[in-house]
Amino acid sequence: MKEFSIRAISGTIYVLLLIGSLYMQNALTALLALFGILSLAEFSNLIKLKSFAQYVIFILLFGGFWYLCLWNKNTTGSDEAIQILLVTTIFVNLILIKDLFTTKRIPIFDSKSFIVTTFYLTSGFIFMLLIANYKNTFTPLLLLGSFILIWVNDSAAYLVGKNFGKQKLFPSISPKKTVEGFLGGLFFACIASHFIAKYTETLGFTSWLIMAIIVSVLGTFGDLIESKFKRQAGVKDSGVIMPGHGGLLDRLDSIIFASPFIYLFLRILSYVS
C-alpha cells in the first residue's frame with residue numbers, strides 16, 4: 001500500500017508539472033529542456049558515456065531550434081534545418097528498430113554513442129517542442145493529446161496483458177509484455193482518440209486515430225528499445241528520480257521515440273489538407 005501511495009504521488013506530480021506548463025509557452029519549453037537534460041543524464045549512465053559533450057549538443061540543438069523556429073520564425077533555412085533533423089532522426093530510429101530484431105546487444109561505441117544521444121534522445125525532445133508549436137502557433141493541446149494517447153496505451157496494455165496476456169510479445173527483452181496487452185493498448189488508444197478530437201478541437205477524429213496508431217506502435221518500440229538498453233546495462237530502471245516509477249526516461253521513452261513520427265505525420269497532414 002505504501003509503495004502504491006508513493007507511486008501515485010510521484011506520478012501525480014509528474015502529470016501536474018506537465019499539464020501546468022501547457023498554459024505558458026516558455027514554461028513548457030523550460031520543462032521540456034529540464035526533462036531532456038535529466039533523461040540524457042540517465043541514458044548516459046545506461047550506456048556508460050562519461051562525457052559532457054552530449055549535454056553541450058543538447059543545449060545547442062534544443063536552444064537553436066527554440067530560437068530559430070519559435071522566436072525567429074521567418075529565418076531563412078529554419079524549415080530546411082527541421083527537415084534535415086527529421087530525416088536523420090527517423091533514419092537513426094529505424095536502425096534502432098532493426099538492432100532490436102537483429103542483434104543481441106545494441107552496438108554502442110564512442111562515435112555511435114553521440115549519434116544515439118543526439119538523434120534518438122535530444123531530437124525526441126526537440127520534436128515534442130515542435131509538436132507543441134505546430135504551424136508556428138502555440139498548440140500545447142496537440143502535445144497533451146499525444147501524452148494522453150501514450151498514457152492510455154500504456155495503462156491499457158498493462159491491464160489487458162496482466163489479466164488476459166498469454167502470448168509473449170518480446171520475451172528476450174521485456175518478458176511481461178504480451179501480444180494481447182499490445183492489442184489492448186492499441187484498441188483503447190484508438191477509443192481515446194475520439195474523445196481527444198472532440199474535446200481538444202485541434203485535429204479531426206481520423207487524424208487523431210492515425211496518431212493513436214503511431215503512438216501505440218512506435219511508442220511500444222521506444223519502450224522495447226529502452227528496455228534493451230537497460231538489459232545491456234544490467235539495471236531494472238533508468239534512474240530513481242521518480243519514486244515507485246524509476247527514472248524519468250522510463251516514463252518518457254515512448255514519447256521520445258514516437259515524437260519524430262508524430263511530427264512527420266503532422267507535416268504530411270499540413271501538406272495534404
Side-chain angles (χ1 to χ4, degrees), residues 14 17-47 49-93 96 110-144 146-147 222 226 238-239 241 247-249 251-264 266-267 270:
Y14 160 70
L17 275 174
L18 180 63
I19 294 177
S21 70
L22 296 174
Y23 291 95
M24 293 180 290
Q25 188 177 34
N26 289 339
L28 179 59
T29 301
L31 185 68
L32 289 177
L34 176 62
F35 280 2
I37 291 291
L38 293 174
S39 297
L40 185 57
E42 292 178 354
F43 186 70
S44 296
N45 287 332
L46 283 183
I47 64 175
L49 181 59
K50 298 178 180 179
S51 171
F52 290 101
Q54 67 272 30
Y55 301 104
V56 175
I57 293 171
F58 180 93
I59 292 169
L60 290 176
L61 280 178
F62 190 90
F65 278 93
W66 167 74
Y67 178 77
L68 286 175
C69 304
L70 305 182
W71 282 97
N72 288 273
K73 300 171 184 177
N74 297 320
T75 301
T76 302
S78 61
D79 191 59
E80 288 81 355
I82 293 174
Q83 292 183 53
I84 291 170
L85 182 67
L86 181 61
V87 170
T88 308
T89 299
I90 288 178
F91 181 74
V92 170
N93 283 357
L96 287 173
D110 288 342
S111 60
K112 189 170 182 179
S113 294
F114 291 110
I115 291 174
V116 173
T117 56
T118 301
F119 297 109
Y120 157 62
L121 200 144
T122 297
S123 290
F125 284 94
I126 292 172
F127 286 112
M128 285 185 229
L129 182 65
L130 294 175
I131 290 167
N133 293 274
Y134 179 52
K135 291 185 176 180
N136 293 329
T137 303
F138 187 47
T139 50
L141 292 180
L142 279 178
L143 185 61
L144 177 61
S146 300
F147 269 99
E226 198 237 352
S238 65
I241 196 171
L248 190 59
L249 184 59
R251 301 278 63 80
L252 293 171
D253 52 4
S254 296
I255 190 68
I256 288 171
F257 194 82
S259 62
F261 297 93
I262 295 172
Y263 184 75
L264 174 61
L266 290 174
R267 283 193 70 108
S270 69

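Rounding to the nearest 0.5 angstrom, the gap separating the CG atom in Leu31 from the CG atom in Leu28 is 6.5 Å. Distance check, rounded to the nearest 0.5 Å: CG of Asp253 to CD of Glu226 gives 4.5 Å. Rounded to the nearest 0.5 angstrom, Ile90 CD1 and Leu264 CG are separated by 4.5 Å. Atom-to-atom distance recorded for Thr137:OG1 and Gln25:CD is 9.5 Å, nearest 0.5 angstrom. Between Ile57 atom CD1 and Phe52 atom CZ the span is 14.0 Å, to the nearest 0.5 Å. One distance of note links NZ of Lys50 with CG of Asn45; it measures 9.5 Å at 0.5 Å rounding.
Between Ser39 and Phe125, the closest heavy-atom pair is OG-CZ, 3.6 Å. Summarising the geometry of Ser259 relative to Ile131, their closest heavy-atom pair is O-CD1, 3.6 Å, with the distance given to 0.1 Å. The minimum heavy-atom distance linking Gly247 with Glu42 is given by the pair CA-OE2, 3.4 Å. The two residues Ile37 and Tyr55 make their nearest non-hydrogen contact at O-CE2, 4.1 Å. Between Asp79 and Arg267, the closest heavy-atom pair is OD1-NH1, 3.0 Å. Annotation for Phe138 and Met24: closest pair CZ-C, 3.9 Å, computed over non-hydrogen atoms.
Classification of the Phe62-Phe58 ring pair by plane angle, with boundaries at 30° and 60°, yields parallel.
Using modelled atom types, one side-chain atom of Thr139 and one backbone atom of Tyr134 make a donor-acceptor pair closer than 3.5 Å. A donor-acceptor contact shorter than 3.5 Å links the side chain of Thr122 to the backbone of Thr117. Checking side-chain atoms of Tyr263 against main-chain N and O of Leu130 turns up no donor-acceptor pair under 3.5 Å. Under a 3.5 Å cut-off, the side chain of Thr89 and the backbone N or O of Leu86 do not form any donor-acceptor pair. With hydrogens and angles ignored, the 3.5 Å screen pairs no side-chain donor or acceptor of Ser51 with any backbone N or O of Leu49. The closest donor-acceptor contact from the side chain of Ser123 to the backbone of Thr118 lies under 3.5 Å. One N or O on the side chain of Ser21 and one on the backbone of Leu18 form a donor-acceptor pair closer than 3.5 Å.
Residues Leu142 and Ile262 form no side-chain contact, since every pair of their non-hydrogen atoms from C-beta on lies 4.5 Å or further apart. Annotation: side chain of Phe65 is not in contact with side chain of Leu129 (no heavy-atom distance under 4.5 Å). In this structure the side chain of Tyr14 reaches within 4.5 angstrom of the side chain of Phe35, judged on heavy atoms. The shortest side-chain heavy-atom distance between Ile256 and Phe127 does not fall under the 4.5 Å cut-off. Side-chain contact between Leu121 and Gln54 is absent, with no heavy-atom pair separated by less than 4.5 Å. Within the 4.5 Å cutoff, the side chain of Leu61 has heavy atoms near those of the Ile126 side chain.
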Is there a side-chain contact (heavy atoms from CB on, under 4.5 Å) between Asn93 and Phe119? Walk through the geometry before answering. CA-CA 8 Å; Asn93 283 357; Phe119 297 109; over 6 Å; no

